[in-house]
J.: 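Before I ask anything, let me first share the structure, which is written out below as structure tokens.
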Amino acid sequence: MISVPKGTKDVLPQDSYKWQFIERTAERVAKTFGAQEIRTPTFEHTEVFLRGVGETTDIVNKEMYTFLDKGGRSITLKPEGTAGVARAFVDNGLINGALPGKIYYLTQCFRYERPQAGRLREFHQFGIEFLGASDANIDAEVILLASTFLKEVGISNVTLYINSIGCKECRKKYQQALIEYLSKNIDELCPLCKDRLAKNPLRVLDCKNEDCKKITANAPKILDYICDDCSAHFNKVQKLLKLANVPFKVDAGIVRGLDYYTRTVFEFVSENIGAQGTVCGGGRYDGLIAELGGNDVPGIGFAVGIERILMLLENTGVEIAKKDGIKVYFAPMGEQAEEKAFELCTKLREKGIASDFDHMGRGIKAQFKYADKIGAEYVAVIGSDEIANGSLKLKRMADGQERMVKFDDLINEQL
Ligand code: ATP
Ligand code: MG
């Protein structure tokens, strides 16, 4: 037997309705905010992620599935959605179209990580990218969209943390102060953070190592360094979130893992799914489109991990309603009955009613057992008596209630 590769999972037929519910909810909520779907390729030229995610990030340094294709090109399976969307936005000239471009996506992502609860090598994201607007009202809107989505799928116990990491200018000053502080404590930092200090000091604030956390707890706070414009922008985001009744906490420790973030950054975090508690992360990325060869077009977005959403729902006992089961299962006995079942089943399907019939030549008892297993709402029994009088016996499985229905009337029967 061959099993799935480490860090990947099958979504089995009995569970796919949960995924469909999450995906349909994502689509519905995104559309109410005016977003349209984009589908970008599963793989891109590696350069898209080197430039679009950033060379100092964990994703680029450790986690990408990169290979040379048979033509000798360096190709990478997408580790996240934003860089590919930004590439497509430039590539297809959408930056010259109607702005803001409001885009959503549902995609699988690939990261070579150590698999554990909530951390897979292939996982799925629902993401939003709103491109072209820099006003704080769109930051608030993107956060509101994420919050609405989480609410609509049935999640109530998450905390929203927001922060501003300033613009290029104010971040320079902050980085200086941070480097000064961290350099004094360099001996206490983990080896990775010693390296980060040299390459991208902000990332040290993101480290999960306990020793590093102790040091960063007393580090200078970015909010004390941001310029007046960034400060006014952040205040407006908060004001609008309050207006929309979205509760949040300002947390100077939220910096996000990607290089291209500016100003607003945010995370929705749950206490109910263990160490991998971030279900949604996002932020503004005003330099990204230019980095990928476009004009200076600002943008903001987020990505939600669908596996973590499902985990959270399960751990907090929220059940997703199972719909779209079989309405009528036909249980024929004999060849003539089978033909009738085939004919009537086809008629119901043409009307859009999910139906099925025996394909295994089973006896009537085994057919009922099967109908029960697949959760059929009704079983329609057709035997020689039924053929003789032109009707079938319709049994409602929930309460065992039976009624006779003429073959010709079944199509109009209230089911
Ligand atoms: P983390 O800190 O958990 O590693 P991240 O900052 O790397 O998260 P993002 O790149 O912001 O994550 O991705 C957005 C969301 O995608 C995360 O909040 C999470 O829900 C989900 N996610 C990220 N990596 C994985 C993974 N390896 N397996 C499952 N879900 C993931
Ligand atoms: Mg990660």
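Counting starts at 1 for both ligands and their atoms, in listed order. Numbering starts at 1 and runs along the sequence shown.
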J.: From Arg308 CZ over to His124 NE2, what is the distance, rounded to the nearest 0.5 angstrom?
T.: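 Here the interatomic distance stands at 14.0 Å.
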J.: If you measure every N/O of Gln276 against every N/O of ligand 1, is any gap under 3.5 Å?
T.: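 So ligand 1 has no N or O lying under 3.5 Å from an N or O of Gln276.
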J.: At under 4.0 Å between heavy atoms, is it the side chain or the backbone of Gln125 that contacts ligand 1, or both, or neither?
T.: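 Just the side chain.
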J.: Val279 versus ligand 1: do any nitrogen or oxygen atoms come within less than 3.5 Å of each other?
T.: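 Yes.
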J.: Answer with yes or no whether His124 contacts ligand 1, where contact means a heavy atom under 4.0 Å from a ligand atom.
T.: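 His124 does not count as a contact of ligand 1 under the 4.0 Å cut-off.
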J.: Could you tell me if the side chain of Met64 sits less than 4.5 Å from the side chain of Thr57, heavy atoms only?
T.: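 Of all side-chain heavy-atom pairs linking Met64 with Thr57, none is under 4.5 Å.
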J.: If you measure from atom 8 (O) of ligand 1 to every heavy atom of Arg308, Met311, Glu122, Gln116, which option wins on shortest distance?
T.: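 Residue with the shortest heavy-atom distance to the ligand atom: Arg308.
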J.: Taking only heavy atoms of Ala303 into account, list the atoms of ligand 1 that are under 4.0 Å away from them.
T.: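 So the atoms of ligand 1 that pass are 14 (C), 15 (C).
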J.: Would you mind telling me if ligand 1 is within reach of the side chain of Cys109, the backbone, both or neither, using heavy atoms under 4.0 Å?
T.: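 None of Cys109 does.
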J.: With no hydrogens and no angle check, just 3.5 Å: does a side-chain donor-acceptor pair link Thr76 and Thr66?
T.: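 Yes - a donor-acceptor pair under 3.5 Å links their side chains.
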J.: Nearest 0.5 Å, what's the OG-CZ distance between Ser134 and Arg263?
T.: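 Nearest 0.5 Å value for the OG-CZ distance: 7.0 Å.
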J.: Would you mind listing which atoms of ligand 1 come within a distance below 4.0 Å of any non-hydrogen atom of Lys208?
T.: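 Once the distances to Lys208 are compared, the set is 2 (O).
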J.: Check Asp139 with Lys236, please: is the shortest side-chain N to carboxylate O separation under 4.0 Å?
T.: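 Looking at Lys236 and Asp139, the cut-off is not met.
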J.: Would you kindly specify which portion of Asp58 sits under 4.0 Å from ligand 1, judged on non-hydrogen atoms: side chain, backbone, both or neither?
T.: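 Neither; nothing of Asp58 gets under 4.0 Å from ligand 1.
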J.: State, yes or no, whether a side-chain contact exists between Pro247 and Lys242 at a heavy-atom distance under 4.5 Å.
T.: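 The answer is no; the side chains never approach within 4.5 Å.
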J.: Where the side chain of Ser231 meets the backbone of Cys227, is there a donor-acceptor pair that is under 3.5 Å apart?
T.: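 Checked: no pair found.
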J.: Do any nitrogen or oxygen atoms of Gly305 come within less than 3.5 Å of a nitrogen or oxygen of ligand 1?
T.: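 N/O-N/O distance under 3.5 Å: yes.
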J.: Do you see a donor-acceptor pair shorter than 3.5 Å between the side chains of Lys78 and Thr107?
T.: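 Per modelled atom types, Lys78 and Thr107 side chains form a pair under 3.5 Å.
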J.: Does Glu113 reach ligand 1, in the sense of a heavy atom lying below 4.0 Å from it?
T.: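 Glu113: in contact with ligand 1 (<4.0 Å).
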J.: For Asn200 and Thr56, indicate whether the former's side chain and the latter's backbone hold a donor-acceptor pair under 3.5 Å.
T.: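 Not at all, since once roles are kept as given, no pair shorter than 3.5 Å links the two residues.
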J.: May I ask you to list the atoms of ligand 1 that are less than 4.0 angstrom from any heavy atom of Leu120?
T.: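 Contacts of ligand 1 toward Leu120, numbered from 1: 26 (C), 27 (N), 28 (N), 29 (C).
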J.: Taking non-hydrogen atoms only, is Arg111 closer than 4.0 angstrom to ligand 1 via side chain, backbone, both or neither?
T.: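 Under 4.0 Å from ligand 1, Arg111 contributes side-chain atoms alone.
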